[in-house]
Enquirer: 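Quick one: the structure is below, and I'll ask about it shortly.
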Amino acid sequence: MSIALLLTLIGLALADSTSFGTLGVPVVMMLASDRKQTGRLMIYLATITVFYFLVGVALMLGLSAVMENFGDALQSRTFLWAQLAVGVGLFLLSWRFDSKKQKKQWEPKLGGPGTMVGLALTMGLVEVATMVPYLAAIGLMTSAGLTPLQWGPVLAGYVLVMVVPPLALMAGRGLAGQWLEPKLAKLRDWLLRNAASMVGWTLAIVGFFIARDAAARLFGWLT
């Protein structure tokens, strides 16, 4: 594997690290009124890291090729109607996350270990379809013809790089809390002001394309 490819993958991983799921939620947790958030934050980051790694493994192993074996079922009208319903449902759900229609900022609900795992999986499912850098990284590794023994460690490193910024902020807060705290507060406020719209737009875009694909095949819009 070339150094250029490795540097490109690191850059893509850092771009992915700025998503709300990998940066926004951890920042909110760091500044929560309950100071005992370190354990919960580590559970959250560990869960979302494992989730993205497993998604990457599935893609690298050719999940799409496996699904092609069920081509007939995926083309059935029953499946397409279900797909259309899911797409429309996601699009309608997106309106609940419109910042202009909400009286207060959207903020993730924090809780025990189970809540943190559920929150991480929810954020992962919402964001994974729009993680263009991650999908691009998968494409680059596939095009490079890497073997599982090569791309496995690289993929693990990729998802670990994604959680470096929140870990660095957590360490920095411990070392220079008084200096970093106001800056984290400003970052948190900006993220929370825009979090609802970010989640809403993600759901709307994903829902639109899912519904559009199903409708095109159901009603013969394909040319």
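Keep in mind that this is a model prediction, so the values were computed, not measured. The first residue in the sequence is number 1, and the count goes up from there.
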Enquirer: Does Met116 form a side chain to side chain contact (heavy atoms under 4.5 Å, CB included) with Leu119? I'd like the steps, not just the answer.
Expert: CA-CA 5 Å; Met116 292 299 94; Leu119 177 60; 4.2 Å; yes
Enquirer: Going by side chain to side chain donor-acceptor pair (under 3.5 Å), name the pairs with one or both residues in residues 152-170, residues two or more places apart or in two chains.
Expert: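 Residue pairs passing side chain to side chain donor-acceptor pair (under 3.5 Å), neighbours aside: Asp16-Tyr158.
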Enquirer: Looking at every non-hydrogen atom in both residues, tell me the closest pair between Val161 and Ser17 and how far apart they are.
Expert: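 Heavy atoms of Val161 and Ser17 come nearest at O-CB, 4.3 Å.
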Enquirer: Do Val55 and Ile138 make a side-chain contact, defined as non-hydrogen atoms from C-beta onward lying under 4.5 Å apart?
Expert: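 Answer no - side chains too far apart.
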Enquirer: Nearest 0.5 Å please: distance from the CG atom of Leu14 over to the CG atom of Leu9.
Expert: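 Separation between the atoms: 11.0 Å.
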Enquirer: What pair of heavy atoms forms the shortest contact from Ala214 to Leu80, and how long is it?
Expert: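 Closest pair (atom of Ala214, atom of Leu80, distance): CB-O, 3.4 Å.
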Enquirer: Of all the heavy-atom pairs spanning Pro166 and Thr22, show the shortest one and how long it is.
Expert: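 Minimum heavy-atom contact is CG-O, 3.3 Å.
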Enquirer: Taking only residues two or more places apart in sequence, or in another chain, which ones meet Ala185 in a side chain to side chain contact (heavy atoms under 4.5 Å, CB included)?
Expert: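 Result, side chain to side chain contact (heavy atoms under 4.5 Å, CB included) vs Ala185: Leu31, Arg188.
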Enquirer: Should Leu61 and Trp151 be marked as a side chain to side chain contact (heavy atoms under 4.5 Å, CB included) after you check the CA-CA gap, both sets of side-chain angles, and the distance that decides it?
Expert: CA-CA 11 Å; Leu61 291 177; Trp151 61 252; 3.9 Å; yes
Enquirer: Do the side chains of Leu155 and Leu135 join up, straight or via other hydrophobic residues, at under 4.5 Å, putting them in one cluster?
Expert: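 Leu155 and Leu135: one cluster.
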Enquirer: Output the distance between atom CG (Leu84) and atom CZ (Arg77), rounded to the nearest 0.5 Å.
Expert: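 That separation rounds to 10.5 Å.
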Enquirer: Tell me, yes or no, whether the heavy-atom count around Ile3 atom CD1, taken from other residues, nucleotides or ligands under 6.0 Å, exceeds 12.
Expert: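 No, the 6.0 Å shell around CD1 holds no more than 12 heavy atoms from other groups.
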Enquirer: Over all heavy atoms of both residues, which pair between Met42 and Leu167 is shortest? Give the atoms and the distance, please.
Expert: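 What the structure gives for the nearest pair is SD-CD2, 4.0 Å.
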Enquirer: Compare every heavy atom of Leu45 with every heavy atom of Pro26, then report the nearest pair and how far apart it is.
Expert: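 Between these two residues, the closest heavy atoms are CG-CD2, 3.9 Å.
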Enquirer: List in chain and number order the residues that pass side chain to side chain contact (heavy atoms under 4.5 Å, CB included) with Leu6, two or more places apart in sequence or in another chain; answer none if no residue qualifies.
Expert: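 Met1, Ile10.
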Enquirer: For residues Met141 and Leu149: do they belong to one hydrophobic cluster (side chain heavy atoms under 4.5 Å, members Ile, Leu, Val, Met, Phe, Trp, Tyr)?
Expert: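 No; Leu149 is not reachable from Met141 via cluster members.
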Enquirer: Is there a chain of hydrophobic side chains (I, L, V, M, F, W, Y, each step under 4.5 Å between heavy atoms) that links Leu160 to Met123?
Expert: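 The answer is no; the residues belong to distinct hydrophobic clusters.
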Enquirer: If every non-hydrogen atom of Met29 is compared with every non-hydrogen atom of Leu41, which pair is closest and at what distance?
Expert: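 In terms of heavy atoms, the two residues are closest at CE-N, 3.3 Å.
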Enquirer: Once side chain to side chain contact (heavy atoms under 4.5 Å, CB included) is applied, do any residues pair with Val159, and if so which ones, sequence neighbours excluded?
Expert: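 Once residues adjacent in sequence are excluded, the partners of Val159 under the side chain to side chain contact (heavy atoms under 4.5 Å, CB included) criterion are Thr49, Tyr52, Phe53, Tyr134, Met162.
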Enquirer: So, taking the atom named CE in Met30 and the one named CG in Leu169, what distance separates them when rounded to the nearest 0.5 Å?
Expert: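 Separation between the atoms: 5.0 Å.
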Enquirer: Could you pull out all residues at least two apart from Val117 that satisfy side chain to side chain contact (heavy atoms under 4.5 Å, CB included)?
Expert: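 Expected list: Ile43, Thr47, Leu121.
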Enquirer: If two hydrophobic side chains count as joined below 4.5 Å and joins carry through other members, does Val164 share a cluster with Val27?
Expert: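 Shared cluster, no.
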Enquirer: Please say yes or no: joined through hydrophobic side-chain contacts below 4.5 Å, possibly via intermediate residues, are Leu12 and Leu59 part of one cluster?
Expert: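 Yes; Leu59 is reachable from Leu12 via cluster members.
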